[in-house]
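Since we're looking at a predicted model, the values are computed, not measured.
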Amino acid sequence: MQKNISEFLGTLSTLFGGILWGFSGVCGQYLFEQKNISPDWLVPYRLFLAGTVLVVYFMISNPKLAFKPIRDTKLLLELMIYAFFGLLMTQYTYFCAIELSNAAVATVIQYSAPAMILAVVCLMDRRFPKQNELIALILAILGVFLLATHGDFNTLAIGGKALVYALISATGIVIYSLVPTRLNKKYPVALNLGWGMVIAGAALALITKPWSLDGVSDTDGFLAFLSVITLGTIFAFSFYMVGVKTIGASKASMIACIEPVSAAIFGYFWLKTEFVLLDFIGFVFIISCILILSKKEKAR
C-alpha cells in the first residue's frame, strides 16, 4: 500500500515537472510575442537567477559541499563544457527557436535529442542500431521532417533559422546528458546544474548585456518572467528529480513526454497558437521515439 502511494506521488510529481516545463516555454513565447522581450534579455537572467537559487540552497543546507564542484580542478573542464556547450547552448537556442516559431514546435523538435544520443552512442560503440533503435531513429527523423515541412520537400512550415536553433538545442541536450557523467556521480545533480547555470548565465550576460536591453515593464510580463525562472526551472526540475528518485529514470522520462503536449495545450488556449494535422502527427512520431527508447532502457 505504502509503495503504491509512493509510486503514485512520484508519478504525479514527474507529471507536474513536465507540465511546468511546457508552461515555461509558452511563458517565453508570451514574452517574445506580446512584451517584445528578446532571448538576449530573458536567457541570461533565467540561467543566472535560477542557478543562484539552487547554489544558495546548497550553501544553506550543506555549506561544505556547495563550492566543491567549482574547486575540483580535475572536473573543472567537464563543468565548463557542461555549462557552455550544454546548458548555455541548449537554453539560448531553445528560446530563439520559440521566438521564431512557437513553444510547442520548438519543444518537440528539441525532444529529438534522445535519438541523437542514441546515434552518438552507436557511433562510439561502433555498432549499427538495433531494430527498436532504428525504428525510434526513423520516427524522430520523420517527426522533425513533418514539423519542419508539413510533408513538402520544397517548403519549410517553420523558418529555417527556427529549425536550426531547435536542432542545435537538441544537440546541447546530447552534450549535457553525456558530458557531466563523472561530475554527476561525484556531486548532486542539482548542485552541478546550479553552478552550470550560474556560469552559463554570467558568460551569456557579458555577451548580450541584458541590462542595456528592454525588459519586462508591467505586472503580466514580470509574472511570466518569474514563472520561467521558478515554475519552469527550479520547481520543474525539483519535481522531475523527485520522480526519478521515486519511480526510476526510465518511467520518469516517459511521463516527462507530457512537456511538448503541455506546451501545445497552453499555447493553443492561451496564445491561440495554430496547428495543423501534420503537426500533431509529427508530435506523435517524436514522442513515440522517446517511449520506444525509454522502454528499451527499462528492459536492460
**OP:** Among Leu213, Asp214, Asn36, find the one that has a side-chain contact (heavy atoms from CB on, under 4.5 Å) with Trp41.
**Re:**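 Looking at Leu213, Asp214, Asn36, the match for Trp41 under the side-chain contact (heavy atoms from CB on, under 4.5 Å) is Leu213.
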Check this for me: [X], atom [atom1], are more than 12 non-hydrogen atoms of other residues, nucleotides or ligands nearer than 6.0 Å?
X	atom1	value
Phe85	CZ	no
Phe16	CZ	no
Lys68	NZ	no

Subject >> Of Phe266, Phe235, Phe269, the residue whose pairing with Phe23 passes ring-ring contact (aromatic ring centres under 6.0 Å, His included) >> reply: Phe266
**OP:** Test Glu133 against Arg127 for salt bridge (Lys or Arg N to Asp or Glu O under 4.0 Å), laying out the working first.
**Re:** CA-CA 12 Å; Glu133 294 173 336; Arg127 66 175 179 84; 2.9 Å; yes
Original post:
When clusters are formed by joining ILVMFWY residues with side-chain heavy atoms under 4.5 Å apart, either directly or through shared neighbours, do Met124 and Val174 land in the same one?
Top reply: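 Shared cluster, yes.
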**OP:** Please report the closest heavy-atom contact between Glu99 and Ile37, naming both atoms and the distance.
**Re:**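 For Glu99 and Ile37, the tightest heavy-atom pair comes out as OE2-O, 4.3 Å.
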Subject >> Considering all heavy atoms, the nearest Ala83-Ala200 contact >> reply: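 The answer is O-CB, 3.4 Å.
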Original post:
For Glu259 and Leu20, what are the C-alpha separation, side-chain angles and deciding distance, and is it a side chain to side chain contact (heavy atoms under 4.5 Å, CB included)?
Top reply: CA-CA 8 Å; Glu259 179 185 350; Leu20 289 177; over 6 Å; no
Original post:
Checking Ser227 side chain against Leu223 main chain: does a donor-acceptor pair fall under 3.5 Å?
Top reply: yes
Original post:
Can Ser169 and Gln91 be counted as having a side-chain donor-acceptor contact under 3.5 angstrom?
Top reply: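 Ser169 vs Gln91: no donor-acceptor pair found between side chains.
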Subject >> Donor + acceptor pair across side chains of Tyr94, Thr107 (<3.5 Å) >> reply: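 Yes, side-chain donor-acceptor contact under 3.5 Å.
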Subject >> Leu191 vs Leu54, side chain to side chain contact (heavy atoms under 4.5 Å, CB included): CA-CA, chis, key distance, verdict >> reply: CA-CA 7 Å; Leu191 179 59; Leu54 291 172; over 6 Å; no
Subject >> Linked hydrophobic residues, Leu100 as query - side chain contacts closer than 4.5 Å >> reply: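 Same cluster as Leu100: Tyr165.
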For residues [X] and [Y], establish whether the separation of their ring centroids is below 6.0 Å.
X	Y	value
Tyr187	Trp195	no
Trp21	Tyr240	yes
Phe280	Phe275	yes

Original post:
Does the side chain of Phe32 come within less than 4.5 Å of Pro39's, by heavy atoms?
Top reply: yes
